[in-house]
Amino acid sequence: MTHQVSFSGQITPEQVQQIAADGFKTIINNRPDGEAADQPSSSEIEAAAREAGLAYKEISFAGNALTQQHVEDFADYFNQAEQPILMFCRTGNRSNGIYEAAKQMDLLDD
C-alpha cells in the first residue's frame, strides 16, 4: 500500500471545508503558532477540522528544529491516521521533511 499524503503551505480555517470535500480525512499541522502575524492558530484550524469531520493533529516544530522525538510522534500518529492525509506548514517543505525522515528511518507502515 502506498501512502495517500499531500503537502501544503499554510491553510486557513475557511479552507478546511473544501479540504474535506476534496476527500482528505486527516490534517497534520507542522507549523508552530506565531511564526507570522497573519497566521491562523492551530486551535482555529482544529475547530474547523472537527466541524468538517476531519481528524487533526499538531506536530509542530521550527524549520531547523526537527528532532527524533518529532519524527517518532509523527510516525505513531501517521500510522493510525485515516488517509488521505493533508500535511501543512508554512510552505510544505517542513511537512515533506518530517514525512521523508520517518520513511528513511523505516517508521511508517506500508
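All residue numbers refer to positions in the sequence shown, counting from 1.
- Here the closest heavy-atom approach between residue R31 and residue A36 is recorded as NH2-CB, 3.6 Å.
- S8 OG to M87 CE: the interatomic distance, rounded to the nearest 0.5 Å, is 11.0 Å.
- Atom CD1 of I85 is separated from atom CG of L54 by 11.5 Å, given to the nearest 0.5 angstrom.
- Following chains of ILVMFWY side-chain contacts shorter than 4.5 Å, one can reach L108 starting from L66, so the two form part of one hydrophobic cluster.
- A side-chain donor-acceptor contact under 3.5 Å links D73 and Q69.
- Under 3.5 Å, the side chains of T12 and E14 contain a donor-acceptor pair of N or O atoms.
- Between the OG atom in S42 and the NZ atom in K57 there is a gap of 10.0 Å [rounded to 0.5 Å].
- For E35 against A62, the heavy-atom pair with the smallest separation is OE2-CA, 4.3 Å.
- Looking at Q104, its side chain never comes within 3.5 Å of a backbone N or O of A101 through a donor-acceptor pair.
- Under a 3.5 Å cut-off, the side chain of R90 and the backbone N or O of G9 do not form any donor-acceptor pair.
- Separation of atoms CZ (F74) and OG (S95) is listed at 8.5 Å; rounding is to 0.5 Å.
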(request) Evaluate side-chain contact (heavy atoms from CB on, under 4.5 Å) for E58 paired with E46, printing each intermediate quantity in order. (result) CA-CA 9 Å; E58 179 184 353; E46 181 176 16; over 6 Å; no
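- Among all heavy-atom pairs drawn from P13 and A48, the shortest one is O-CB, 3.6 Å.
- Under the 4.5 Å side-chain contact rule for hydrophobic residues, F78 and Y56 do not share a cluster.
- A donor-acceptor pair under 3.5 Å links the side-chain atoms of N79 to the main chain of D109, judged by distance alone.
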(message) Test side-chain contact (heavy atoms from CB on, under 4.5 Å) on Q83 and V5; report intermediate values, then the result.
(response) CA-CA 7 Å; Q83 296 186 26; V5 60; 5.9 Å; no
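- Looking only at distances, no side-chain donor or acceptor of H3 sits under 3.5 Å from a matching main-chain atom of P84.
- For the residue pair S60 / N30, no side-chain donor-acceptor distance below 3.5 Å is found, with atom types taken as modelled.
- The number of heavy atoms from other shown groups lying within 6.0 Å of CD (E51) does not exceed 12.
- Residues F61 and C89 fail the side-chain proximity criterion, which asks for heavy atoms closer than 4.5 Å.
- Ring centroid separation for the pair F7 and Y99 comes in under the 6.0 Å cut-off.
- A continuous path of Ile, Leu, Val, Met, Phe, Trp and Tyr side chains, each step under 4.5 Å between heavy atoms, connects L86 with V16, placing both in one hydrophobic cluster.
- Proximity of a side-chain donor or acceptor of Q39 to a complementary backbone N or O of P32 within less than 3.5 Å is detected.
- Of the possible donor and acceptor atoms, one in the side chain of T26 sits under 3.5 Å from a partner among the backbone N and O of E82.
- Note that the CD atom of Q10 and the CZ atom of F88 stand 5.0 Å from one another [nearest 0.5 Å].
- Contact record, G63 with R94: N-NH1, 3.7 Å, taken as the closest heavy-atom pair.
- Between the side chains of E72 and Q68, a donor-acceptor pair is found at a separation under 3.5 Å.
- Distance check: R50 CZ to I45 CD1 gives 12.5 Å after rounding to the nearest 0.5 Å.
- At least one donor-acceptor pair under 3.5 Å links the side chain of Q80 to the backbone N or O of Y77.
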